[in-house]
Visitor: 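The structure follows.
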Amino acid sequence: MHSSILGFTRKYGGNRITRDAYREIQKLTPAALRQPGYALFIATVHTEDGSRLAGLSLVAEYGERAGIVIVHPLYRGRHLGTRLLQAQRLQMGRLSCRVALDNPSSLKMCFNAGLAARKMVEGPTGKPTLILEEGTLSTHGAEAAPTT
């Protein structure tokens with residue numbers, strides 16, 4: 001299965017997967033997946049030829065070390081990536097994602113999964129990148145609007 005995941009990542013990652021994130025997939029082991037904050041979710045479709053990989057989501061250290069979502073082009077636009085991220089959030093209880101600003105489809109997926117932008121940083125490739133986390137925004141320091 002590991003070689004299938006690597007091939008799927010190379011073929012459908014769209015050159016959006018950083019070298020560091022790809023290395024996380026390369027060194028993925030069953031022991032690593034048993035650690036808190038690590039999870040791999042796989043979405044498959046059943047065809048007449050058997051099961052086929054339709055998408056995957058890998059999170060390492062709750063997404064702070066790596067967060068990867070890849071969906072096969074035939075299944076994009078069907079909220080598969082959103083459902084994978086939502087499942088990750090439910091299982092782990094918290095999730096953080098880093099998405100470059102020039103990747104609107106991934107940003108939309110994260111927002112649809114209930115994540116909200118917390119801050120902007122320079123990403124590993126030098127691009128402006130949003131850090132997205134749980135969707136409940138803090139109102140610390142905000143004044144309540146007057147009611148009538």
Side-chain angles (χ1 to χ4, degrees), residues 1-47 49-141:
M1 185 65 158
H2 191 243
S3 63
S4 296
I5 291 169
L6 287 169
F8 186 86
T9 301
R10 274 192 307 273
K11 189 169 184 176
Y12 301 116
N15 296 324
R16 295 270 186 193
I17 305 300
T18 65
R19 273 185 238 139
D20 290 341
Y22 187 73
R23 281 189 206 112
E24 287 297 320
I25 295 174
Q26 285 179 311
K27 63 183 184 179
L28 190 62
T29 64
L33 288 173
R34 287 191 290 273
Q35 294 180 40
Y38 283 74
L40 173 67
F41 281 40
I42 294 177
T44 59
V45 292
H46 299 287
T47 69
D49 296 331
S51 291
R52 300 275 183 228
L53 189 56
L56 65 87
S57 173
L58 170 68
V59 173
E61 293 182 13
Y62 299 97
E64 294 172 25
R65 182 177 181 103
I68 303 163
V69 178
I70 302 170
V71 177
H72 189 288
L74 290 175
Y75 305 105
R76 292 180 186 163
R78 300 178 186 194
H79 304 285
L80 182 58
T82 297
R83 290 193 303 263
L84 285 166
L85 275 181
Q86 288 170 333
Q88 293 279 21
R89 277 183 65 203
L90 286 173
Q91 177 174 319
M92 294 196 293
R94 66 182 170 110
L95 184 62
S96 177
C97 293
R98 292 175 182 251
V99 181
L101 288 178
D102 68 349
N103 191 347
S105 60
S106 291
L107 288 169
K108 183 178 177 183
M109 175 187 64
C110 289
F111 289 135
N112 286 342
L115 302 178
R118 294 291 179 232
K119 66 179 167 176
M120 188 168 62
V121 298
E122 184 176 306
T125 60
K127 296 177 185 177
T129 299
L130 287 180
I131 296 177
L132 300 111
E133 296 172 342
E134 293 300 317
T136 54
L137 293 173
S138 169
T139 58
H140 180 68

Visitor: Please give me the minimum heavy-atom distance between Ala54 and Tyr75, naming the atom from each residue.
Guide: CB-CD1, 3.7 Å
Visitor: Do the side chains of Ile42 and Met1 get nearer than 4.5 Å, heavy atoms only?
Guide: yes
Visitor: Among Glu133, Gln86, Met109, Arg89, find the one that has a side-chain contact (heavy atoms from CB on, under 4.5 Å) with Leu115.
Guide: Arg89
Visitor: Where is the tightest heavy-atom contact between Tyr38 and Ala60, given as atom of each residue plus distance?
Guide: CE2-CB, 3.4 Å
Visitor: Under 4.5 Å between any side-chain heavy atoms of Thr44 and Arg52, yes or no?
Guide: no
Visitor: Is there a side-chain contact between Phe8 and Leu56, using heavy atoms and a 4.5 Å cut-off?
Guide: yes
Visitor: Any chance NE2 of His72 has more than 12 other-residue heavy atoms, nucleotides or ligands included, within less than 6.0 Å?
Guide: yes
Visitor: Might you point out which heavy atoms bring Ser57 and Val69 nearest each other, and give the distance in Å?
Guide: OG-CG2, 3.8 Å
Visitor: Any salt bridge linking Arg118 with Glu134? Criterion: basic side-chain nitrogen under 4.0 Å from a carboxylate oxygen.
Guide: no
Visitor: Do any pairs count as a salt bridge (Lys or Arg N to Asp or Glu O under 4.0 Å) and have a residue in residues 21-43, sequence neighbours left out, and if so which ones?
Guide: Asp20-Arg23, Glu24-Lys27, Glu24-Arg65
Visitor: If you look at every heavy atom in Ser4 and Leu53, which pair is closest and at what distance?
Guide: O-CD2, 4.3 Å
Visitor: What distance separates Leu130 CG from Leu107 CG, expressed to the nearest 0.5 Å?
Guide: 5.5 Å
Visitor: Can you give me the closest heavy-atom contact between Leu58 and Ile25, atom names plus distance?
Guide: CD2-CG1, 3.6 Å
Visitor: Throw together a table of side-chain donor-acceptor distances under 3.5 angstrom for residues 91-102, partners on residues two or more places apart or in other chains.
Guide:
residue: Arg94; atom: NH1; partner: Glu64; partner atom: OE2; Å: 3.4
residue: Asp102; atom: OD1; partner: Arg16; partner atom: NH1; Å: 3.1
residue: Asp102; atom: OD2; partner: Lys127; partner atom: NZ; Å: 3.0

Visitor: Could you tell me the separation between the OG atom of Ser106 and the CG atom of Leu132, rounded to the nearest 0.5 Å?
Guide: 10.0 Å
Visitor: May I have the step-by-step check of side-chain contact (heavy atoms from CB on, under 4.5 Å) for Tyr22 and Leu6, ending in yes or no?
Guide: CA-CA 8 Å; Tyr22 187 73; Leu6 287 169; 3.7 Å; yes
Visitor: Could you walk me through whether Val45 and Leu74 pass the side-chain contact (heavy atoms from CB on, under 4.5 Å) test, one step at a time?
Guide: CA-CA 11 Å; Val45 292; Leu74 290 175; over 6 Å; no
Visitor: What pairs with Arg76 under side chain to side chain donor-acceptor pair (under 3.5 Å), at least two apart in sequence or on another chain?
Guide: none
Visitor: Could you report the tightest heavy-atom contact between Tyr12 and Pro73, atom names first, then the distance?
Guide: CD2-CD, 3.2 Å
Visitor: Distance check, rounded to the nearest 0.5 Å: His79 atom NE2 versus Asn112 atom CG?
Guide: 6.5 Å
Visitor: Say you draw a straight line from CG of Leu40 to CG of Leu33; how long is it, rounded to the nearest 0.5 Å?
Guide: 6.0 Å
